[in-house]
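Reminder, nothing fancy here: chain letters follow the sequence lines and each chain counts from 1.
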Number of protein chains: 2
Amino acid sequence: MDVRTICLGILTRADATGYEIKKRVEEGGYRHFVEASFGSIYPALDKLTKDGLVSVRAEVQEKKPNRKVYSITKAGRSAFIAALMGPLPQDCHRWPFAFAMKFADLLPEQRIAQMLDAYTAQTENTLTQLQQAGAKPQSRGEHFATGLGRAAYGAILDYLREHRVELEVQTAEAAE
Amino acid sequence: MDVRTICLGILTRADATGYEIKKRVEEGGYRHFVEASFGSIYPALDKLTKDGLVSVRAEVQEKKPNRKVYSITKAGRSAFIAALMGPLPQDCHRWPFAFAMKFADLLPEQRIAQMLDAYTAQTENTLTQLQQAGAKPQSRGEHFATGLGRAAYGAILDYLREHRVELEVQTAEAAE
DNA sequence: TTGATCTATATCGGGCCAATATAGACTGCG
DNA sequence: CGCAGTCTATATTGGCCCGATATAGATCAA
């Protein structure tokens with residue numbers, strides 16, 4: 001999902017500045033499904049504006065930094081729906097933790113334990129966020145997506161708790 | 001996990017050409033955890049060579065394209081372990097399908113069904129691959145990583161099968 | 001025999017991230 | 001009261017990486 005499409009999707013729900021789009025990608029219910037940085041959001045909004053898919057109004061506030069509030073246009077709405085009707089980009093699951101675990105035999109026992117602890121804590125966090133998001137009123141599509149995330153991260157957490165002992169046994173044996 | 005580190009990890013297990021590294025990233029047990037393209041692998045190997053972390057031997061084969069076989073050096077092995085000892089990059093789970101589902105209310109009924117079908121089939125594939133990988137003899141670290149993947153994708157598949165009806169009800173209602 | 005597929009290396013444009021710069025407003029703490 | 005830290009807000013840059021493309025001989029099936 002390229003950043004232009006992400007911006008269009010978020011503007012579908014409400015007008016926003018570039019900064020607010022970033023916040024929604026990070027904190028809103030989008031956090032676990034897509035990513036976008038300022039370095040891509042601002043150029044994306046520029047290009048969307050040039051292409052007539054969004055419109056800008058400048059809110060020149062006295063004694064505050066100016067805001068550029070973006071709204072999606074009719075053409076933008078059509079373009080967004082067209083993007084969802086066409087083939088979706090492949091999922092990208094980059095999972096450095098799992099990659100690292102494949103090389104557990106090269107690492108000292110306590111490093112493995114540390115990585116397992118950190119990753120478990122991180123997954124717990126993610127799950128908490130998704131549960132909070134699930135508690136808020138949502139459309140059915142949003143509810144479905146949130147539930148999908150909960151299912152995936154819940155399973156990961158269960159696996160970590162049930163199977164970490166297998167790895168710790170290995171490194172304990174290697175250390176003998 | 002940057003491509004240089006991925007290359008080092010794979011070369012830890014066996015010497016390989018750039019082409020073979022790509023194949024292992026795509027087909028080996030790494031497939032679901034990391035990604036790398038030729039456009040990043042070849043430059044990465046060049047830089048690793050310059051930094052003395054890998055060595056090359058050219059196999060000039062008559063009547064076959066030449067091969068450049070890369071081996072990891074002692075310094076490379078140390079650098080790889082150092083990378084795994086330091087803080088790991090964040091997971092990156094880009095999930096266009098879940099993002100799209102959040103906008104189910106904007107899409108026609110049959111498109112939702114089509115996306116659910118495609119994504120279910122794709123997840124089934126992934127799971128089959130992971131089960132095949134799990135059947136092969138592996139180190140405990142590899143076994144753990146494979147199991148983690150199976151847990152995650154299995155949960156996703158279960159969720160899709162159990163909850164797709166909720167979305168299909170929505171769109172059916174919207175169509176009334 | 002001819003087209004497809006496989007091995008193998010390499011490059012390029014463009015997309016994107018992480019870091020950084022700038023700047024005024026607000027908040028809390030001593 | 002001052003000042004440090006945080007928050008809103010926009011923007012740029014270097015560098016990493018992907019996807020597409022080019023090249024080229026080998027193998028294999030129709």
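Distance I41(A) CD1 to dT8(D) P: 15 Å, rounded to the nearest Å. Summarising the geometry, the separation between CG on L45(A) and P on dT12(D) is reported as 13 Å, rounded to the nearest angstrom. Following rounding to the nearest Å, K22(B) (NZ) and dC17(D) (P) show an atom-to-atom distance of 15 Å. Distance CD1 (I21(A)) to P (dT8(D)): 15 Å, rounded to an integer number of Å. Atom pair D46(B):CG and dC16(D):C1' shows a separation of 15 Å (rounding to whole Å applied). Atom OH of Y70(B) and atom C1' of dA8(C) are 11 Å apart (whole Å). Per the geometry, CD belonging to E26(B) stands 10 Å off P belonging to dG19(D), to the nearest Å. Atom C1' of nucleotide dA8(C) and atom CZ of F38(B) are separated by 8 Å, given to the nearest angstrom.
The closest side-chain donor-acceptor pair between D15(A) and S71(A) falls under 3.5 angstrom.
Among the atoms of the strands shown, only primed sugar atoms or phosphate atoms (P, OP1, OP2) are found under 4.0 Å from some heavy atom of K23(B).
A ring-centre distance under 6.0 Å is found for F144(B) and Y159(A).
To the nearest 0.5 Å, atom OG1 of residue T146(B) and atom NZ of residue K136(B) are 9.5 Å apart.
Cation-pi contact between K102(A) and F33(B): absent, since separation from the ring centre below 6.0 Å together with deviation from the ring axis within 45° is not met.
The two residues Y30(B) and R24(B) have their closest heavy-atom pair at CD1-O, 3.6 Å. When all heavy atoms of Y70(B) and T17(B) are compared, the pair lying nearest together is CD1-CA, 4.4 Å.
Checked options L8(A), L45(A), I72(A); the residue passing with L53(A) is L8(A) (criterion: side-chain contact (heavy atoms from CB on, under 4.5 Å)).
In this structure, K22(A) does not pair ionically with E27(A), as no charged nitrogen and carboxylate oxygen lie closer than 4.0 Å.
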So which protein N/O to nucleotides 14-16 of chain C N/O distances come out below 3.5 Å?
{"unit_1": "dC16(C)", "atom_1": "OP1", "unit_2": "V3(A)", "atom_2": "N", "d": "3.2"}

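OP1 or OP2 of dA10(C) has at least one side-chain nitrogen or oxygen of K68(B) nearer than 4.0 Å. Neither OP1 nor OP2 of dT10(D) sits under 4.0 Å from any side-chain N or O of Y19(A). Contact annotation: T17(B) side-chain N/O to dT9(C) OP1/OP2 distance is under 4.0 Å. Taking 4.0 angstrom as the limit, Y42(A) places none of its side-chain polar atoms (N or O) nearer than this to OP1 or OP2 of dA11(D).
When the C1' atoms of four end pairs are superposed on the next four at each end of the helix from dT1(C)-dA30(D) to dG30(C)-dC1(D), using five pairs per end, the two resulting axes differ in direction by 30°, to 10°.
With a 4.5 Å cut-off between side-chain heavy atoms of Ile, Leu, Val, Met, Phe, Trp and Tyr, the cluster of V69(B) takes in none.
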